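To start, the structure under review is shown below, and the notes come after it.
Every chain is numbered from 1, with letters handed out A, B, ... down the list of sequences. Everything numeric in this text was worked out from a predicted model, so none of it was measured.
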Amino acid sequence: MHVPDGFLDAPTSAATGAVAVVTIGVALVKARTELDDKTAPMAGLVAAFVFAVQMLNFPVGVGTSGHLMGGALAAVLVGPWTAILCLSVVFMVQCLLFADGGITALGTNITLMGLTTVAVGWLVFKGLQMVLPKRISLVPAQAGIGALVSVPVAALLFVGLYAVGGATGIDLGNLATAMVGVHVLIGIGEGVITFLAIGAILAVRPDLVYGARPILERRELEIRTPTSGAAA
Amino acid sequence: MSTPVLDVRGLAYAYPDGHQALFGVDLHVHQGERVALLGPNGAGKTTLVLHLNGIHTAGAGSVSVSGLPVEKANLTEIRRRVGIVFQDPDDQLFMGTVRADVGFGPANLGIKGAELDRRVMRALEQVGMAEYVDRPPHHLSFGQRRRVAVATVLVMEPEILVLDEPSSNLDPASRRELADILRSLDVTVLMVTHDLPYALELCPRSVVLSGGTVVADGSTYDVLTDDALMTAHRLELPFGFDPRTATPRP
Amino acid sequence: MSTPVLDVRGLAYAYPDGHQALFGVDLHVHQGERVALLGPNGAGKTTLVLHLNGIHTAGAGSVSVSGLPVEKANLTEIRRRVGIVFQDPDDQLFMGTVRADVGFGPANLGIKGAELDRRVMRALEQVGMAEYVDRPPHHLSFGQRRRVAVATVLVMEPEILVLDEPSSNLDPASRRELADILRSLDVTVLMVTHDLPYALELCPRSVVLSGGTVVADGSTYDVLTDDALMTAHRLELPFGFDPRTATPRP
Amino acid sequence: MGAGHGHKLHFHGHSPIHRVPAHLKLLTLLAFMIVVVATPRDWYPAFAVYLAVLVGVIAVSRVPPTYLLKRTVVEVPFVLFAVLLPFVATGPQTEVLGVSVSQHGLEAGIALLIKGTLGVLASLTLAATTEPNELLLGLERLHLPQQLVQIMSFMVRYLDVVTGEMQRMRIARESRGFTARNPRHWPVLARSAGALFIRSYERGERVHLAMLSRGYTGKMPR
Ligand SMILES: Nc1ncnc2c1ncn2[C@@H]1O[C@H](COP(=O)(O)OP(=O)(O)OP(=O)(O)O)[C@@H](O)[C@H]1O
Ligand SMILES: Nc1ncnc2c1ncn2[C@@H]1O[C@H](COP(=O)(O)OP(=O)(O)OP(=O)(O)O)[C@@H](O)[C@H]1O
Ligand SMILES: [Mg+2]
Ligand SMILES: [Mg+2]
């Protein structure tokens with residue numbers, strides 16, 4: 001679903017580009033609280049991981065292909081603002097090093113598949129966390145649902161953008177039905193992968209999951225004196 | 001007595017997965033000492049070492065280096081003073097060529113040009129790897145990578161050298177050469193090792209860590225000849241070696 | 001004489017980057033022998049070992065195992081017979097828990113259920129890691145990972161055991177226990193090591209590889225007491241050890 | 001762990017194009033594509049000129065054309081879309097080879113193909129002649145914010161770490177008698193994928209700390 005050069009008209013591309021620039025600007029400021037010495041590599045890995053996940057392509061109805069997006073996954077792992085930076089970097093790398101997605105459509109791709117999936121995924125995740133009991137075992141499922149919802153929403157936005165700046169009059173109703181239908185399926189795949197990945201990471205490195213930090217309890221350390229330790 | 005250059009007090013630490021590895025460790029090392037850190041697999045030696053330049057953050061207790069507490073504000077200074085050779089050389093090497101990798105540290109300190117080159121070549125000569133200067137480090141043999149890893153730390157000329165199993169995977173001559181280098185440098189050395197003859201040869205003092213606490217601290221000779229202590233902590237002298245009869249090398 | 005179980009003839013190999021590591025190696029190991037493979041860092045020992053189960057493919061010459069040439073069609077069979085303990089345990093462990101990792105090989109051979117469990121636990125007990133069965137392997141200490149790596153190979157009950165520096169990073173007791181295990185098994189052993197006393201203790205025969213060729217092949221005692229050979233190939237006896245006076249353990 | 005040693009698309013060479021500083025190449029690509037996109041869709045001669053310019057640059061770069069053509073597969077989904085457009089679009093119909101298609105859709109499809117292909121070819125040329133590390137430096141010179149550059153340099157390095165770890169895990173699996181031949185083996189791969197994530201992360205983290213231990217401040221020394 002990476003939009004190539006010339007797919008949307010110039011005004012639409014410029015507008016989405018502006019949205020992307022402003023949001024990244026805000027994210028840069030906000031992310032300072034999420035990003036430190038130890039989380040910088042994490043952000044890089046999440047970007048690499050999202051990149052890998054996006055290589056899994058599904059054939060989609062009207063000739064385009066769909067793939068996993070990873071926005072919700074990134075948001076739960078590193079926090080929403082850093083996630084926006086991660087996803088933006090992924091699209092830049094895909095565009096500049098792999099020629100996937102046009103350079104004039106970079107803003108569109110970032111807005112469509114980065115900002116939207118991160119925002120929707122994170123809001124759903126947080127919403128669920130607020131209404132459900134605060135238990136660490138629920139985190140993977142909450143993340144999975146956030147991921148599931150984020151995908152069809154992004155697909156709808158794609159249809160919207162196409163209506164505004166697309167080349168020609170395809171029947172929008174049909175396009176919307178086809179896109180959303182298919183993307184619910186992709187969303188299920190995205191949800192399952194997000195669920196499994198967050199579950200696996202929580203099991204051995206709970207400290208790496210940003211979305212779980214508020215509900216991680218502090219452990220008490222045991223101190224052994226040399227005499228009692230010598231017996232061990 | 002002077003303030004210790006390495007001062008660890010009541011240090012406890014649990015890994016993020018909940019596994020506690022250190023249960024209150026005390027260790028004081030003074031300027032110019034060479035200390036061996038012995039103990040069975042899983043004792044917590046590596047975990048302790050990674051606290052000395054702030055890679056792990058103390059869960060309880062405190063660590064300080066030359067009087068500076070190991071905490072965020074001092075990390076840059078502490079990492080300049082403490083050079084750590086990691087147990088796994090693959091954790092240490094990351095640049096595209098041996099030259100870039102060994103030069104990385106001094107370049108960060110602002111050294112460049114001919115001076116940088118001179119220091120890089122000197123460090124590589126010390127470990128006998130000068131001819132490999134333009135090869136990618138991940139295309140070297142394991143022992144060669146270990147030697148380059150040692151060079152990346154020597155080149156920084158740290159005041160305190162912490163080595164985690166530096167002699168493993170080295171051929172016998174390199175092992176002896178490393179001992180010669182360490183003896184010739186005027187620095188404080190803390191060396192983790194399972195090679196007890198090597199510890200006796202190089203370090204007058206030994207600390208034994210077991211189950212996350214210090215169970216012995218004294219002269220290496222005394223530690224190695226204390227049979228009860230040795231068997232209690234999985235330390236055994238290797239085949240054909242007896243500290244009582246081994247004479248120090250000239 | 002019987003056909004050798006490991007038969008390497010005129011083996012030469014260059015890495016993809018063009019660096020040639022082996023220059024015509026001949027090595028014949030017979031059923032039930034225990035052979036030490038010695039030599040300086042970068043001699044080509046690991047490169048040779050990785051030919052024995054087809055991870056590298058001979059550039060020239062041939063390798064065969066129990067009469068089967070190492071080639072695509074035989075790889076499954078050969079990998080069942082030859083168990084390799086890699087020099088870096090991180091190359092060996094990849095599953096989420098120690099249990100899954102040790103069980104991986106036998107499960108591929110179709111073993112399951114209680115029998116699988118029995119074999120996994122037995123192998124872990126041999127290396128003293130039974131209590132770690134449900135931990136993730138990459139969260140163990142280096143020496144613990146090495147021990148699990150050995151278990152992943154023992155559990156396969158291979159006919160030929162090839163170990164690349166198995167004793168490095170092991171604590172002294174584990175090192176001796178590994179020697180005991182190897183002595184108790186009725187298998188052919190080829191062991192790469194830099195620990196010369198360990199080689200003398202465990203392997204009656206030694207082969208010295210240097211610069212990609214075999215420079216000596218004979219009884220370990222003879223190799224270790226041949227001073228000219230030893231110094232020419234960076235082999236030195238460690239501090240306090242003399243093969244002439246060392247008496248074999250009971 | 002090599003720092004971004006030659007990604008899949010980079011074609012090693014020393015042509016003048018390889019030697020142009022990365023930030024200039026980036027700006028040129030952007031300007032070129034803006035012109036392409038802004039060109040009305042039926043100015044076919046203009047597109048022919050653009051293509052000629054691009055082919056000229058590729059010739060100077062000495063990257064074999066087949067090397068680039070093979071990599072245009074990223075475009076395939078949109079080629080399909082462009083080919084389908086004439087059939088699904090509404091509006092006045094016209095006859096092509098005896099098939100009735102949408103006039104509007106046909107023009108849009110062709111324009112999409114032309115612009116998209118020019119874009120992919122141009123980007124591929126940049127990718128083939130620029131090392132990832134140079135690209136990072138180029139972006140830095142264009143004042144891309146430091147945080148983005150840092151995330152990107154970690155990402156490029158991690159792509160190496162992850163493929164390296166994957167390679168090691170594959171050898172380890174095969175040495176113990178496993179080859180993934182059919183979907184029955186996927187669960188094994190899925191389970192090792194979880195381990196792969198943590199392993200790559202932890203290796204990358206340790207390497208990062210090793211860098212910090214040697215005075216790294218987020219900027220590569222030059
Ligand atoms: N990343 C980790 N996560 C969780 N537990 C860990 C981790 N690394 C080590 N441990 C555990 O902490 C304890 C101490 O490990 P450490 O690596 O400090 O041992 P060590 O003394 O260095 O052993 P070795 O001689 O084998 O290198 C061990 O029980 C180990 O299983
Ligand atoms: N992946 C690789 N690519 C290119 N060259 C390599 C690679 N791995 C090793 N080499 C080179 O091949 C030679 C032999 O390496 P090998 O790993 O076999 O040595 P070794 O005898 O096992 O040494 P050590 O005792 O240090 O483990 C060395 O000169 C090394 O630099
Ligand atoms: Mg250790
Ligand atoms: Mg080797």
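- Of the atoms belonging to C:H233, not a single heavy atom falls under 4.5 Å from chain B.
- Using a 4.5 Å cut-off on side-chain heavy atoms (C-beta onward), B:R234 and C:E177 make contact.
- Listed by chain and number, the residues in a side-chain hydrogen bond (donor to acceptor under 3.5 Å, both in side chains) with B:Q87 are B:T46, C:N169 (sequence neighbours excluded).
- In this structure, the side-chain hydrogen bond (donor to acceptor under 3.5 Å, both in side chains) partners of B:S206, at least two apart in sequence or on a different chain, are B:T220.
- Proximity to chain B at a heavy-atom threshold of 4.5 Å picks out C:H139, C:S141, C:F142, C:G143, C:Q144 from residues 137-144 of chain C, in numerical order.
- Scanning both residues, C:E236 and B:P172, for their nearest heavy atoms gives O-CB, 3.2 Å.
- Rounding to the nearest 0.5 angstrom, the gap separating the OG atom in B:S168 from the CD atom in C:E165 is 7.5 Å.
- In this structure, B:D90 and C:D90 have side chains that are not in contact, with every pair of non-hydrogen atoms separated by 4.5 Å or more.
- Using a 4.5 Å cut-off between heavy atoms, B:D88 contacts chain C through both its backbone and its side chain.
- Put simply, of C:L170, C:D17, C:T231, the one with the most heavy-atom pairs under 4.5 Å next to chain B is C:L170.
- The nearest pair of heavy atoms linking C:N41 to B:D171 is N-OD2, 2.8 Å.
- Ranking C:G39, C:P40, C:S167 against chain B, the residue ahead of the rest is C:P40, based on heavy-atom pairs under 4.5 Å.
- Ranked by heavy-atom pairs shorter than 4.5 Å toward chain C, the options B:R135, B:R175, B:R147 are led by B:R135.
- Sorted by first and then second residue, the ring-ring contact (aromatic ring centres under 6.0 Å, His included) pairs involving residues 34-59 of chain C (not counting sequence neighbours) are C:Y13-C:H51, C:Y13-C:H56, C:Y15-C:H56, C:H51-C:H56.
- For the atom pair CG of C:L196 and CZ of B:F239, the computed distance is 12.0 Å after rounding to the nearest 0.5 Å.
- Taking chain C as the reference chain and counting heavy-atom pairs below 4.5 Å, the highest number among B:P197, B:G42, B:A21 is found for B:G42.
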